[in-house]
Number of protein chains: 2
Amino acid sequence: MNKRLSAQPTASIELLQSHSLPSLVQRHLENMILAGQLIPGSKLTEIPLAGQLGVSRGPVREAFRGLEEKGLVRVERNRGVFVRTITSAEADDIYEVRQAIEELIVRKLAAAPDRVMEAGLEEVLAKAGKFAEKGDFARCHALNIEFHDRLAALTGNAALLDHYRRLANELSLFRHRAHAKIRDASSLRASVADHRALLAAIAAGDRRLAVRLIREHLEASRARLQRLLADREDSPG
Amino acid sequence: MNKRLSAQPTASIELLQSHSLPSLVQRHLENMILAGQLIPGSKLTEIPLAGQLGVSRGPVREAFRGLEEKGLVRVERNRGVFVRTITSAEADDIYEVRQAIEELIVRKLAAAPDRVMEAGLEEVLAKAGKFAEKGDFARCHALNIEFHDRLAALTGNAALLDHYRRLANELSLFRHRAHAKIRDASSLRASVADHRALLAAIAAGDRRLAVRLIREHLEASRARLQRLLADREDSPG
DNA sequence: TGTTTGTAGATTGTCAACAATCTGTAACGG
DNA sequence: CCGTTACAGATTGTTGACAATCTACAAACA
């Protein structure tokens, strides 16, 4: 009963009434994985995990099942579950699908720019730009991810948002490998600039341009990441 | 210990060594749902289900978690799990995403038609055509679905296949509502014809045409399904 | 010395029992 | 007569215990 899921004991009661224990555990692990606090390939053992979270093994196992279906962990029978590792080839595959999805997102938004303008995305980009100037890698990166997520959400298509998020999560899993040591601030500024141009194109309702921009943005992002990773593997010091 | 997962007791042992009980239960339920034997909206109660399958409630609960993440069931805390019902609006959303995915599939295949030619897809279409003539709705429909699935698999992109299957499954969930009573044989023949034309375009490496064909095919399929469902709701006799 | 076998500990897979919650029904009061 | 409350049965949520499996280390043998 030492470390529980929530810091405030009173709030956790309310949470327990709406969300089941397994879903809380799942969200917790998901956050840990996506934040890079659980590195790909590392093993998740039930008993210590259950102890840490103050629950029994049942909910933990159920959370594992959900995470497996989300592609965040890999379950090996009688051996355990491991944070999923994504190879460069897999990342390329995922990027390819994501490109198709994001093109759809951008096409939809450019067709109805009104909502996008009211969503306060300029603010997100402005903050991201500030953090980039300050060299605050983590916060800027988080805002860049939020920008894409907000775009997906603005389409109003739940299935689209769902699939986008899964792809984005898997890629963030891959990204941790590259970012573990190297944090390229210039690439972040490039991303913010790309986002600005993209948002302008959407706001102008220029579908053609917006699609071209998102395509180039993702391709550049993909290439940058792959190169970064290749460099790391060459000199793993 | 009456009804177990497999008919052959010897084979089930081997299966149990590679696949865990939860994954077997999950696959079983998934098949039941996709086959339409479990109607959307119907409740899945743990105890009878566990009894039927000869397992305890634990594995069943774990299977539920996986199915929920796959979008096949909906879990309501302290109330139970239900086969997911998909509204017309949701189906439209899913179709929109699927269209983007299938366009990517077709684009990739048209860029490398060699593999597609060797996959024996003509055979699938030929069989589907025969069943359509005979009025064997179920078998023809299954082959039409297999055709799309094989196309997705032929891209060699696992992520792409994954996302395609999820979309296809959710739509098949929706389709059951429409097909429950009405089985339009003519639409099946139309689908087979569409598939033939699409395959020819891919084999010829005509990317433009292939993309146009798949787009029209899906749009026609979507409109047909929605109309069918609207008719049913008007005259629910 | 290198390989194999055996064993102890740890970990996962499964189960059955207990606690909490919900649903439907019947009694009660306005 | 209608709405509210109390209760019983059923169902879900959670847990701890037992069985099966794996892993790592050590002893025996070639």
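So that the names make sense, note that chain A is the first sequence line, chain B the second, and so on, each numbered from 1. Here the structure is a predicted model, which means the values were calculated and not measured.
Here A:Gly58 lies in heavy-atom contact (under 4.0 Å) with a base. Among the protein residues, B:Leu49 comes within range of no part of the nucleic acid, since none of its heavy atoms lies under 4.0 Å from any strand.
Judged as a side-chain hydrogen bond (donor to acceptor under 3.5 Å, both in side chains), and not counting sequence neighbours, the contacts of A:Glu103 are A:Arg215.
For the segment residues 62-73 of chain A, the set of residues with a heavy atom within less than 4.0 Å of an atom of DNA chain C is empty.
Contact annotation: B:Arg61 reaches the phosphate of D:dG13 (side-chain N/O to OP1 or OP2, under 4.0 Å). Remark: A:Arg57 is not in phosphate contact with D:dG16, judged by side-chain N or O atoms under 4.0 Å from OP1 or OP2.
In this structure, B:Arg222 pairs ionically with B:Glu219, as a charged nitrogen and a carboxylate oxygen lie closer than 4.0 Å. Using a 4.0 Å cut-off between a side-chain N of Lys or Arg and a carboxylate O of Asp or Glu, A:Glu68 and A:Arg74 do not qualify as a salt bridge.
Atom CD of B:Glu76 has more than 12 heavy atoms from other residues, nucleotides or ligands within 6.0 Å.
Using a 4.5 Å heavy-atom threshold, the side chains of A:Asn169 and A:Glu30 count as touching.
Look at CG on B:Leu21: it is 11 Å from C1' on C:dC15, rounded to the nearest Å. Remark: P of C:dC22 and NZ of B:Lys43 are 12 Å apart, rounded to the nearest angstrom. Following rounding to the nearest Å, A:Arg74 (CZ) and C:dT12 (P) show an atom-to-atom distance of 14 Å. Following rounding to the nearest Å, B:Leu24 (CG) and C:dG13 (C1') show an atom-to-atom distance of 13 Å.
Closest approach to the A:Ile47 side chain among C:dC15, C:dT12, D:dT12 is made by C:dT12 (side chain taken as heavy atoms from C-beta onward). With C:dT12, C:dC22, C:dG13 as the choices, the nucleotide that has an atom nearest any side-chain atom of B:Arg79 turns out to be C:dC22. Side-chain atoms of B:Val55 lie closest to C:dC15 of the nucleotides C:dT14, D:dT12, C:dC15.
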Salt bridge (charged side-chain N to carboxylate O under 4.0 Å, His left out) evaluation trace for B:Arg84 with B:Glu90: CA-CA 12 Å; B:Arg84 180 168 168 203; B:Glu90 281 177 304; 3.4 Å; yes
I'd like a table of donor-acceptor pairs (distance under 3.5 Å, sequence neighbours excluded) in which one partner is a side-chain atom from residues 139-146 of chain A, with atom names and distances.
from: A:Arg139; atom 1: NE; to: A:Asp136; atom 2: OD2; distance (Å): 2.8
from: A:Asn144; atom 1: OD1; to: A:His195; atom 2: ND1; distance (Å): 3.4
from: A:Glu146; atom 1: OE2; to: A:Arg150; atom 2: NH1; distance (Å): 2.7

